Peer 1: 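This is the structure I want to talk about, given as structure tokens.
Predicted model only: the values in this text are computed from it and were never measured. Index from 1, following the sequence.
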Amino acid sequence: MNKFVDFVSDEDFLECVRKVVEAYQSLDENVTPTSILKESKNTIDEFKTIFDVCVNQISFDEWLKFELTRQQDKTINNKIGEFHQELLGKVDGWVDLGIGDETEIDIKKEDNTVFIELKNKYNTMNSSSEKTCREKLENVIEKYPDATAYWAYVISKNYKSEDRIWKYQQREDERIRRISGDRLYTMLIAACSILLPMRMPTSCSMS
């Protein structure tokens, strides 16, 4: 019997969890305010930094802690999105397409009857990325007419459970749908127990 969830092996589950945990442990203790301003991959607004320090009456070291936490939180959110994609891709009969697949979709059923573009939250996309997502799904059902394509989001607005046609501008097709995380997990793992009640060890040990 699996220790954590019933729909993937403990080894596969811990592999997915480990990547998220490593993101929490990746904080560089040698970073200084000067180095983060000069070397950060995401250009930091130094003027906002000055306002943050002055208005909040904090030191640059205190600002650094807040900034590192903010950057780490963004990284962790990305890793959690990858966690869901990789985990669901390990369910029997499903494939994590990763990066570089011709469909540019995240997950599919092995028989090409279901394709899923997965987001962590319902409001992750702006208008441009929403348009791109819609076009991806339209391209998929054009190539696979018997398939259903989903825009899926793990966290839905007000945690609403839904699986419905995605009405986009003046376009509507019953084969293009939007689905919340709970319905998504239920669909992929069928009769298996869903992720939410998973049996996590109290110590979060990776062994």
Side-chain angles (χ1 to χ4, degrees), residues 13-89 96-107 116-139 150-160 166 168-169 178-182 184 195-196 200 203-206:
F13 179 75
L14 289 176
E15 178 186 348
C16 295
V17 170
R18 183 175 290 109
K19 294 177 181 179
V20 179
V21 173
E22 287 174 351
Y24 280 91
Q25 299 171 338
S26 63
L27 186 63
D28 186 351
E29 296 180 354
N30 297 317
V31 174
T32 65
T34 301
S35 67
I36 197 172
L37 284 169
K38 289 183 176 180
E39 302 169 12
S40 176
K41 294 180 181 179
N42 300 311
T43 303
I44 294 174
D45 184 341
E46 61 268 34
F47 296 99
K48 182 178 182 300
T49 299
I50 294 172
F51 277 106
D52 285 345
V53 169
C54 295
V55 174
N56 294 324
Q57 297 184 342
I58 58 176
S59 67
F60 274 105
D61 285 338
E62 290 173 314
W63 168 85
L64 176 62
K65 292 179 182 178
F66 290 131
E67 178 60 23
L68 289 177
T69 298
R70 185 192 68 79
Q71 291 190 13
Q72 186 185 37
D73 186 64
K74 185 175 181 180
T75 298
I76 290 168
N77 279 324
N78 291 337
K79 288 296 181 182
I80 290 175
E82 294 171 9
F83 165 81
H84 289 290
Q85 180 175 338
E86 293 178 9
L87 183 66
L88 291 172
D96 171 12
L97 297 175
I99 299 174
D101 185 78
E102 62 176 4
T103 64
E104 300 183 323
I105 299 295
D106 295 323
I107 303 169
I116 298 165
E117 181 70 3
L118 181 62
K119 305 298 180 184
N120 199 37
K121 294 184 71 175
Y122 72 95
N123 59 353
T124 301
M125 299 190 294
N126 58 29
S127 59
S128 177
S129 54
E130 184 177 1
K131 179 176 181 289
T132 299
C133 176
R134 178 71 186 203
E135 290 173 348
K136 287 181 185 179
L137 301 186
E138 289 176 344
N139 290 338
Y150 289 88
W151 162 31
Y153 30 85
V154 177
I155 301 174
S156 59
K157 186 175 183 179
N158 298 323
Y159 308 104
K160 181 181 179 181
W166 180 11
Y168 179 76
Q169 297 180 354
R178 50 189 298 171
I179 187 170
S180 57
D182 60 328
L184 175 67
L195 178 68
L196 296 179
M200 288 292 288
S203 64
C204 282
S205 170
M206 291 295 101

Peer 1: Run through Val154, Thr75, Asn120 and flag the one making a side-chain contact (heavy atoms from CB on, under 4.5 Å) with Ile80.
Peer 2: Asn120
Peer 1: Using a distance-only test with no angle check, is there a side-chain donor-acceptor pair under 3.5 angstrom linking Ser180 and Asp182?
Peer 2: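 Indeed, the side chains of Ser180 and Asp182 share at least one donor-acceptor pair under 3.5 Å.
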Peer 1: Would you check if the side chain of Lys136 reaches a backbone N or O of Glu104 as a donor-acceptor pair within less than 3.5 Å?
Peer 2: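 It does hold such a pair.
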Peer 1: Verify, without hydrogens or angle tests, whether Arg178 (side chain) and Tyr122 (backbone) share a donor-acceptor contact under 3.5 angstrom.
Peer 2: no
Peer 1: First locate atom CD of Glu82, then atom CG of Asp106, and finally report the distance between them rounded to the nearest 0.5 Å.
Peer 2: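 These two atoms lie 10.0 Å from each other.
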Peer 1: Phe83 vs Phe13 aromatic rings, parallel, tilted or perpendicular, using cut-offs 30° and 60°?
Peer 2: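 It falls in the perpendicular class, over 60°.
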Peer 1: According to side chain to side chain contact (heavy atoms under 4.5 Å, CB included), who are the partners of Lys121, at least two apart in sequence or on a separate chain?
Peer 2: Asn123, Thr124, Ile155
Peer 1: Any carboxylate oxygen within less than 4.0 angstrom of a Lys/Arg side-chain nitrogen, looking at Lys131 and Glu135?
Peer 2: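 A salt bridge is present here (some side-chain N lies under 4.0 Å from a carboxylate O).
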Peer 1: For Lys19, which residues count as a side-chain hydrogen bond (donor to acceptor under 3.5 Å, both in side chains) partner, sequence neighbours excluded?
Peer 2: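 With neighbours one apart ignored, the set is Glu86.
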Peer 1: Less than 4.0 Å between a side-chain N and a carboxylate O, is that true for Glu15 and Arg18?
Peer 2: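 Salt bridge flag = no for Glu15 with Arg18.
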Peer 1: Which value, rounded to the nearest 0.5 Å, describes the distance between Glu62 atom CD and Lys65 atom NZ?
Peer 2: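 It is 7.0 Å, given to the nearest 0.5 Å.
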Peer 1: With sequence neighbours excluded, tell me which residues meet side chain to side chain contact (heavy atoms under 4.5 Å, CB included) with Asn126.
Peer 2: Ser128, Ser129
Peer 1: Quick one: pull up NZ in Lys119 and NE2 in His84 and give me the separation to the nearest 0.5 Å.
Peer 2: 14.0 Å
Peer 1: Mind checking the OH-SG spacing from Tyr168 to Cys133? Nearest 0.5 Å is all I need.
Peer 2: 9.5 Å
